[in-house]
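What follows is one structure encoded as structure tokens, with my remarks underneath.
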Amino acid sequence: MTAPRPVIDCLVNVHFGETEKQPEFMTKVRDDYFKGPTSMFDPVDLSELLDEMDEHGVQKAILMDNLAKPSVTARKFADARPDRFALALGGVNLLRPVGPLRELTSTVADLPVAYAVVGPSFWADGMYPPSDAVYYPLYAKCAELDLPLCVNTGIPGPPIPGEVQNPIHLDRVCVRFPELKLCMIHGADPWWDIAIRMLIKYRNLRLMTSAWSPKRLPESLIHYMRTRGPGKVIFASDWPVLRQHRVVPEANALDLPPEVLDNYLYNNANEFFFKER
């Protein structure tokens with residue numbers, strides 16, 4: 001039996017089951033947007049997650065975590081299997097950044113943190129696009145730490161304002177912070193062409209296809225991966241919103257040369273998130 005192609009899943013949610021009642025916007029995403037099962041928000045069993053990863057060649061997964069409300073499950077999994085799990089840290093209070101950024105620095109020193117993350121539509125009622133100076137302390141700190149920063153792009157699934165997640169707002173960020181390793185996450189719909197043009201323009205920018213079924217990715221992005229961008233696009237599932245047993249086979253079925261597929265599934269993430277800092 002042929003071994004599965006190696007994969008890094010760069011966005012996995014194991015914290016959903018820690019909340020007895022999900023906020024309304026999360027249930028709307030599940031029911032109206034992804035048509036997901038009720039079990040999407042169940043507690044996660046470590047052995048079951050590892051079994052799914054092993055079946056599909058997922059060698060490492062990055063688990064969502066939060067500075068303001070740490071995920072007990074994510075940190076437990078990362079502590080139990082540091083060979084298989086790293087963390088992604090959100091929850092930085094950008095309106096009062098000094099203390100949280102000190103905590104970010106300390107946490108990065110103590111835990112296996114692969115990247116920091118911020119979702120412009122998900123805080124402050126979507127008032128601040130990523131070009132706003134309120135983000136600058138976070139950008140400067142991540143650049144100082146050589147810590148990649150992931151920023152949500154594309155219209156979000158929940159019924160919240162989406163314009164702030166237009167990737168054009170990262171244009172000035174890339175100009176002003178060329179040292180910052182920056183990644184657009186959750187695709188860029190309906191602004192794929194803007195995102196692709198930005199990827200061509202800036203060496204420090206990447207795009208992650210988390211929360212996107214690979215078979216639903218636009219042909220313009222697949223063409224870019226085949227041609228000018230074999231090192232720029234990164235795979236992720238957004239598990240359990242999309243399970244690995246669905247998205248990994250779909251990714252393997254894409255019309256991509258083997259070396260480009262290897263980059264998409266493993267090499268690009270390994271280089272961008274796990275290269276020794």
Side-chain angles (χ1 to χ4, degrees), residues 10-11 13 15 23-26 28-29 33 64-71 87-105 107-108 113-199 201-202 204-212 236 238:
C10 294
L11 203 160
N13 302 283
H15 62 284
E24 184 180 3
F25 79 86
M26 287 295 291
K28 282 184 176 292
V29 169
Y33 204 74
M64 295 301 294
D65 195 7
N66 192 290
L67 277 176
K69 187 179 179 181
S71 167
L87 301 173
L89 279 178
V92 175
N93 183 348
L94 301 178
L95 299 178
R96 295 289 186 271
V98 174
L101 291 178
R102 287 176 177 156
E103 185 179 357
L104 177 66
T105 302
T107 304
V108 168
V113 179
Y115 62 80
V117 61
V118 65
S121 287
F122 289 84
W123 73 281
D125 297 321
M127 291 176 56
Y128 300 102
S131 55
D132 194 278
V134 74
Y135 293 86
Y136 283 18
L138 177 62
Y139 296 156
K141 177 56 66 175
C142 287
E144 176 190 334
L145 296 174
D146 196 26
L147 179 69
L149 175 65
C150 291
V151 179
N152 289 39
T153 47
I155 292 179
I160 55 179
E163 190 277 333
V164 291
Q165 296 192 169
N166 187 327
I168 194 61
H169 293 302
L170 296 174
D171 190 37
R172 292 182 184 274
V173 178
C174 290
V175 169
R176 292 173 177 167
F177 296 89
E179 306 87 354
L180 176 63
K181 298 169 72 173
L182 191 63
C183 184
M184 301 174 279
I185 62 173
H186 295 340
D189 189 70
W191 302 297
W192 293 103
D193 289 344
I194 294 174
I196 291 167
R197 186 64 187 88
M198 296 272 290
L199 290 167
K201 186 177 180 182
Y202 296 112
N204 60 322
L205 187 63
R206 302 292 186 273
L207 182 141
M208 185 190 298
T209 62
S210 48
W212 274 86
D238 201 21

Taking every non-hydrogen atom, the tightest pair across Pro130 and Tyr139: O-OH, 2.7 Å
Tyr135 side chain vs Tyr128 backbone, donor-acceptor pair below 3.5 Å: yes
Expected output: side-chain Asp132 to main-chain Val134 donor-acceptor under 3.5 Å: yes
Can you tell if the side chain of Leu138 reaches within under 4.5 Å of the side chain of Pro97, non-hydrogen atoms only? no
Glu103 meets the salt bridge (Lys or Arg N to Asp or Glu O under 4.0 Å) criterion, sequence neighbours left out, with none
Could you tell me how the ring of Trp192 sits relative to the ring of Trp212: parallel (under 30°), tilted (30 to 60°) or perpendicular (over 60°)? perpendicular
Measure the shortest side-chain to side-chain distance between Lys201 and Asp171 over non-hydrogen atoms and say whether it is less than 4.5 angstrom. yes
Is Asn152 close to Val117 at the side-chain level, that is, under 4.5 Å between some pair of heavy atoms? yes
Donor-acceptor pair, distance only, cut-off 3.5 Å: does the side chain of Gln165 make one with the backbone of Gly154? yes
Show the nearest heavy-atom pair for residues Leu199 and Leu205, with the distance to one decimal. CD2-O, 3.5 Å
At their closest point, which heavy atom of Gly162 faces which heavy atom of Pro156, and how far apart are they? CA-CD, 3.6 Å
Search all heavy atoms of Ala116 against all heavy atoms of Cys142 and return the closest pair with its distance. CB-SG, 4.0 Å
Rounded distance (nearest 0.5 Å) linking atom CG of Leu180 with atom CG of Leu145: 11.0 Å
Using atom types as modelled and distance alone, determine if a side-chain donor or acceptor of Ser121 lies under 3.5 Å from a backbone N or O of Pro161. yes
What's the separation between atom SG in Cys183 and atom CG in Asn204, rounded to the nearest 0.5 Å? 11.0 Å
Heavy-atom distance under 4.5 Å between the side chains of Val118 and Val92, does that happen here? no
Please check this pair: side chain of Tyr115 against backbone of Cys10, looking for a donor-acceptor N/O pair closer than 3.5 Å. yes
For the pair Thr153 (side chain) and His186 (backbone), establish whether a donor and an acceptor sit closer than 3.5 Å, ignoring hydrogens and angles. no
